[in-house]
Structures are given as structure tokens and as C-alpha cells.
K.L.:
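Could you have a look at this structure, given as C-alpha cells, before my questions?
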Amino acid sequence: MRPLLRALRLFPAILVLAVPVGAGAQDGYRPLPADEAAAGNAALVEPAEPGDLPSLIANVAGRSTRSLDGRWQAMVDAYGAGMGDWKAAWRDRVPERRDEFLEYGFDDAFTLQVPGDFNTQQPELHWLEGSVWYRRQFDFDAARLRKQGRRVFVHFGAANYRADVFLNGEPVGSHEGGFTPFQFELTGKLKQGANRLLVHVDNRRRRDSVPAMGFDWFNYGGLTRSVRLVEVPAQHVHDYHLQLAPGGGQEIRGWVRLEPAQAGLPVKVELPELGVSFPARTDANGRAEVAFSAPLQAWSPERPKLYRVRVSGAGDTVEDEIGFRSIVVQGDRILLNGEPLRLLGVNLHEEIDGRRAASDDDYRRLLERVKALGANFARTSHYPFGEGFARLADRMGILLWEEIPVYQGIDFEDPGTRKRMQQMLAEMIGRDRNRAAVIMWGIANETAPGDARNAVLSALAAQARATDPTRLIAAAFYGPGFHGARLEMHDPLFQALDVIGANIYYGWYVPWPVAPEEVEWISPGKPLLISEFGAGARHGRHGPADLASDWNEEFQAEFYRKQFRMIERLPFVQGTLPWVLSDFRSPVRMHPYQQGFNRKGLLSESGERKLAWEVVADAYRSDSTAPRPDPDGASP
């Protein structure tokens, strides 16, 4: 049996689709619907069941919510003993008799701020990879909820990594994954008056988790994003997706889904500013298809126009702010609203002031730094940031590449790991598919080819395409090796992608075998992004520009000059993303000049500019004003 087919038999719940290279090169490549792709040269196995993937309430910010953010009681349980039957901290009991005691308890003097990581709030927790219990008491009018016939959910923006949720000593649900939202219904479980919500959060790394044991950032644990109670009518607008059809023009396509599902219910989508109202009716799955034209101003980085959109059905109404834009591939170019797009980007981590970024103010500061660099594009490496980050990017006109943490060392043979990847992808897309700023979904970073890896990641690409046909699918790969002066990338996964990212560190981890001006790089036939390139430097340290071991700013600045000299000769490169915006915590970085930080930032961890900042900013200023040659010799 051929190796690929043998690998596919290992994954009975995966649909693997291969999209032809160069499809639609005349009109602009459009992501193929699953049925069309399957009719081509796809290799098929049993597809994943949609019901196995999470379906969260969309646009929680636009609902009736109650914040549970603030100070929570906390208790450290490094080994997770409280999850068992003996200690049983999950029962959240207090002694009821004079001769009774419990081997757990909350000290009101020890609290943690939510949202926020637990590692940087208490010095003794800095290196903790283990479990912490969070408890929050709140009052609730359960009688009013029953009388009004409404439903209530507890919604978590994220918790790293595993979260077990209990209400009044009873299990509610569990979730794995440190960077995507999750929710549990509390209707019928809440008591009149005082209620206690208990959350056990465990950030221990495991071989079968995503990411796995090895990753190059700090493993911040805790309730890192907001916690809210969300109220909705018994039958409500559960989810929706509205965006320009991929081919451009002014046709809005999408769908609205009501829950519980019922056929024949009226649904309406309105754009009050344009006087547009489109009616539809649900099918047996509670889903109503939407397709109408409107005189829109397309969203772009230069003009990030957002429209107030009202979605209603079954007596429920939700409002959102949505920008409408088209993103497609044409040959090896990317087109935004039908025009060639040059991506001047930067990588960044969800970290600021030496902690996990957790608020809109944190996100604004990060995005303002992106703008100050002259960038129009950012990659949330290597995991989805908080929802507020994407919403602010919408308003500020910054394009985003969002990705799930499928990083080096993932066990693609493990079926549980595969399910976690599918879940994370569904949660990321479900949360942000109405954000115009997000133009591509990333499915992996620096994974090594192999039968299992190729099958699983091709299936993730197919899942993303079927879930959201309005965005591009991307992955970042190890940089190609030199053959003389020649660079050429090959990977079996390319056929499943729209955009290819190359992580290259020539001049840092690997010496230049030839001068940058002599590099002959062969186009992969699809849009290529230099998705990572950078060198380390300690802010304030100065020295020879040709001495890497000195960790000085001059070497880092010269590194970028050489890289840009190579890149400017490659017309098929559609964008660049220096690694990285700011120095960030990484315990695997052990040099005295690193001191537990990855020092490749253009800024220090405190936001101080290194010399390389100006090199990149100058390159972006000149790139944004200079015409780019067409790969075929014509001007764009």
C-alpha cells in the first residue's frame, strides 16, 4: 500500500482535499467549496462530523452579558490533587461539623486578577506549570430567568491550558486549548441568590497537547481572558457569517443560524446606513442562506470602513460592526478588493510588560506599535490572540494572519491530538470569521513532512475551507536549503494551501553561503511570504556589525539590511514579517544576554527601539511608495 494511503487509514475522521495549483489563475483563485474540491484530484476518507466540532454563540460582546472579571479567590494545587475523590476540591465544600476538616481551602488574602496569567501576579508562581483553582461568588435571579424563559451561558475568552468548570459543587464541563473561547450552559443549574463558580486551570504541558512539550514562548497559565455570563432568549440568533463573495464586487454572501433549529423561521439582515434589509427563512438545520448586493465601501487598511449590521430572527436581535472586503489569490499574487496587496508585516506575541496581554488597552498598545513600524499586517504567532485584538485591528486597518498553535513536536499520529487541532481551528474561525482584518487562517508552523502530518494538516486546510470560503489558508515552513546559490521550496502540503510562509534565518542560525544579492530563489507558484526572519540583540548593547556572538544592535541592523537586499530582488514575495516585534519571555533562551527572553525583537520587552527598528521602518516606508514589478514583467 502506498505510504500516503496507509497514513490516511490512520485517520478515519479526516477529509483530505488537494486543491490544484494555479486554479483560476485568470480570474483570481477562489477557495474551492468542499464538493468541488472533492471532484478534482482529492484523496477522500470519511469527513469529520460537524456535530463533533464546537459551535459557540457568536459576538458575545453584542449580547446581554454580565462580567465576572475582577479579583477571584485562588488556591494553588500544583499536582492537581483536588480533582480526585479524596481531596475533592471540586466539590467546593466547607466544614459542616466541629469534628470535620478538609484538606483544601481558600484564603481570602490570596486572590488573582481575571483576566490575567497567574505566573506574573505572584512571585512564587512565576515558574509554575501546574494547577490553580479559581473561585467567584455571584448573586443571580434564577426565578427571573425561568419566568422570562431565557437561557444563560458562562463564556470564557480563554484559559491555559485545561479548564474544569464547576457550579455549586457540581461539574459543568471541561475544555482543552489555551487560546480559544469556550462556554457552558448554566440554565437550570443556577440557584436563586448566591452561586459559586469554581474553575480548575492546569497549564502543564503534555506530549498529546497542542502545542506539545516544546515551544519557544512562555507558558502563561490561568484565566487569561475575560469571563462573562451571557443571556439569550430560548430561541436565539446563535451564529452568523457575512462577507463579500470571494470574487469581489458588492455581493454579500453568508448565513444566519438560529438555535434551537427549526425550519421556516423568518430571519433578517440589515445595514441601516445603506437602507438595506434582506429577509430569509431557516431550513431544518435552523440555517438561513443570505445573498444580496449593497453599495458598499470596501474595507481596506487605508480605509477601514465598518458598517453596523443588525441580524434578527425568532424575536432575537444582535448588532455587530463588520467590514466587507474580498481576498483572493491570482497566480503568485494576493488581491485585496481586486487590487494587488503588498503585506508589510511583523510577528508578535500576546505579551506586554512582561505578562500575558489581557485587555483592550494592552491590545491597542501592541497594534499602535505595529502601525508605528509602518506595517499593515501582523501575524498572531503562534496562537489566536484575544477577540479584542481582532476587533481593534478591524478599526485600525491592520490585516491579520491568525493561526492555531500547531508547532514543532506535534504528535500527528495521536487521534486525540488531531481532535484537539480540529477543535481549536473551529473555535478560532467561529470567533473571528466576521472580522475583515483577518485575511488568512494559519494551520501550522515549522512542522516536518511525513505521512501522518501531511494527512492531518491537509484535513485541517479542508476544514478551514469548508467552514470559511472567504479567507486564504496558510502555513509557515522551515526555510529552504541552498543548492549553490539556488533556493527552492518543496513540501507535500503546498497543494492544500493558498499562501506559503518561509521562515528563514540565514545570517543568524545559518551562515550565508553566498551574498544576498546572488541568491536565486525559485517561486513556488503560489504567494510566498517571508514569514519569519530575524537576529538577536540586547537593547543598549553596541559592538561590531559582523560579530553575531556579541548580541549587539549593529549586528541585528546589518542582518536586516542583508535580508531586504535579497527580498527586494524577488517580485513573487508578497510580504515580509520580521521576527519579532518585541523581545518576549522564553525559558529555553539561556544566554546571559537573553536571560530567559527571545532577544530578536525590534523593541526590547519594555518597548525601547533597537537600531533594527529603523532599518525595517525605512524599508517599509520605501516599499509602500515604490511600484512592485509584476512577476510576468508587467506593472501591477
Side-chain angles (χ1 to χ4, degrees), residues 117-120 123 125-129 160-161 178-179 203-205 209 211-221 224 346-357 366 369 379-383 385 403 405-410 445-447 476 478-479 503-511 531-545 547-560 563 577-613 616:
D117 66 88
F118 58 63
N119 301 94
T120 60
L125 301 183
H126 184 84
W127 295 110
L128 177 63
E129 288 195 346
N160 190 35
Y161 168 75
F179 306 102
N203 70 331
R204 281 177 292 184
R205 293 171 293 158
S209 61
M213 295 298 292
F215 48 89
D216 186 15
W217 64 85
F218 195 83
N219 187 26
Y220 293 103
T224 55
V346 68
N347 289 280
L348 69 160
H349 272 284
E350 192 183 31
E351 182 173 301
I352 197 164
D353 300 334
R355 57 175 171 79
R356 174 70 72 207
L366 289 174
R369 292 174 182 178
R379 177 183 177 209
T380 65
S381 41
H382 294 292
Y383 43 81
F385 290 11
E403 64 186 16
V406 178
Y407 194 72
Q408 305 167 8
I410 292 289
N445 178 74
E446 295 184 345
T447 58
Y478 295 107
N503 296 347
I504 59 170
Y505 289 96
Y506 292 110
W508 183 244
Y509 294 121
V510 182
S531 44
E532 292 182 25
F533 61 116
R538 179 72 179 263
H539 175 263
R541 182 163 180 81
H542 298 283
L547 185 59
S549 62
D550 196 50
W551 297 84
N552 66 68
E553 294 189 39
E554 285 77 7
F555 182 92
Q556 186 189 39
E558 183 59 23
F559 168 92
Y560 275 108
Q563 293 281 358
L577 295 111
W579 185 268
V580 56
L581 180 66
S582 303
D583 292 350
F584 60 93
R585 292 187 184 276
S586 179
V588 301
R589 305 290 174 164
M590 299 174 288
H591 193 279
Y593 291 140
Q594 294 172 309
Q595 295 180 335
F597 281 83
N598 187 313
R599 294 292 183 193
K600 295 189 187 71
L602 302 174
L603 303 170
S604 73
E605 68 271 26
S606 302
E608 302 154 305
R609 294 183 181 183
K610 303 177 189 179
L611 294 177
W613 171 281
V616 176

K.L.:
Classify the side-chain pair E351/Y220 by whether it contains a donor and acceptor separated by less than 3.5 Å.
P.N.:
yes
K.L.:
With sequence neighbours left out, what residues match R541 under side chain to side chain donor-acceptor pair (under 3.5 Å)?
P.N.:
D550, Y593
K.L.:
Is a donor on one side and an acceptor on the other found under 3.5 Å between the side chain of E553 and the backbone of G540?
P.N.:
yes
K.L.:
Let's go through H349 and Y383 carefully: what are the C-alpha distance in whole Å and the side-chain angles of both, what is the deciding distance for ring-ring contact (aromatic ring centres under 6.0 Å, His included) to 0.1 Å, and is it a yes or a no?
P.N.:
CA-CA 9 Å; H349 272 284; Y383 43 81; 5.6 Å; yes
K.L.:
Would you say N219 and R205 make side-chain contact, with heavy atoms under 4.5 Å?
P.N.:
yes
K.L.:
Between E129 and N203 (side chain of the first, backbone of the second, donor and acceptor by atom type, cut-off under 3.5 Å), is there such a pair?
P.N.:
no
K.L.:
Output yes when a side-chain donor or acceptor of R585 lies under 3.5 Å from a complementary backbone atom of R355, and no otherwise.
P.N.:
no
K.L.:
Could you work out, with side chain to side chain contact (heavy atoms under 4.5 Å, CB included) as the rule, every residue matching E558, not counting sequence neighbours?
P.N.:
A545, R561, K562, R565
K.L.:
Are any side-chain N or O atoms of S606 and backbone N or O atoms of E608, one a donor and one an acceptor, separated by less than 3.5 Å?
P.N.:
no
K.L.:
So, the side chain of E350 versus the backbone of F179: is there a donor-acceptor pair under 3.5 Å, distance only?
P.N.:
no
K.L.:
Within the 3.5 Å criterion, strictly below it, is a donor on N445 or R379 matched to an acceptor on the partner's side chain?
P.N.:
yes
K.L.:
Is there a side-chain contact between R204 and Y161 (heavy atoms, below 4.5 Å)?
P.N.:
no
K.L.:
If you measure from CZ on F559 to NZ on K600, what distance do you get to the nearest 0.5 Å?
P.N.:
9.0 Å
K.L.:
Sort out for me which residue in E605, Q556, Q594, H591 forms a side-chain hydrogen bond (donor to acceptor under 3.5 Å, both in side chains) with R599.
P.N.:
E605
K.L.:
Using the side chain to side chain donor-acceptor pair (under 3.5 Å) criterion, which residues pair with S582? Sequence neighbours excluded.
P.N.:
none
K.L.:
Is the closest side-chain heavy-atom distance between P578 and N347 below 4.5 Å?
P.N.:
no
K.L.:
Under a 4.5 Å cut-off applied to non-hydrogen side-chain atoms, are F584 and F218 in contact?
P.N.:
no
K.L.:
Side chains of W127 and N119: closer than 4.5 Å at any heavy-atom pair?
P.N.:
no
K.L.:
Would you tell me whether T224 and N160 have side-chain atoms, one donor and one acceptor, within less than 3.5 Å of each other?
P.N.:
no
K.L.:
Taking the side chain as every heavy atom from C-beta outward, state whether F597 and R589 have any atom pair closer than 4.5 Å.
P.N.:
no
K.L.:
Over 60° means perpendicular and under 30° means parallel, so tell me whether F215 and W217 are parallel, tilted or perpendicular.
P.N.:
tilted
K.L.:
Establish, from distance only, whether the side-chain atoms of N598 and D583 form a donor-acceptor pair under 3.5 Å.
P.N.:
no
K.L.:
ring-ring contact (aromatic ring centres under 6.0 Å, His included) for W613 and Y560? Distances and angles first, verdict last.
P.N.:
CA-CA 10 Å; W613 171 281; Y560 275 108; over 10 Å; no
K.L.:
May I ask you to test the Y478-Q408 pair for a side-chain heavy-atom distance under 4.5 Å?
P.N.:
yes
K.L.:
Answer whether the closest heavy-atom distance between the side chains of L348 and R369 falls below 4.5 Å.
P.N.:
no
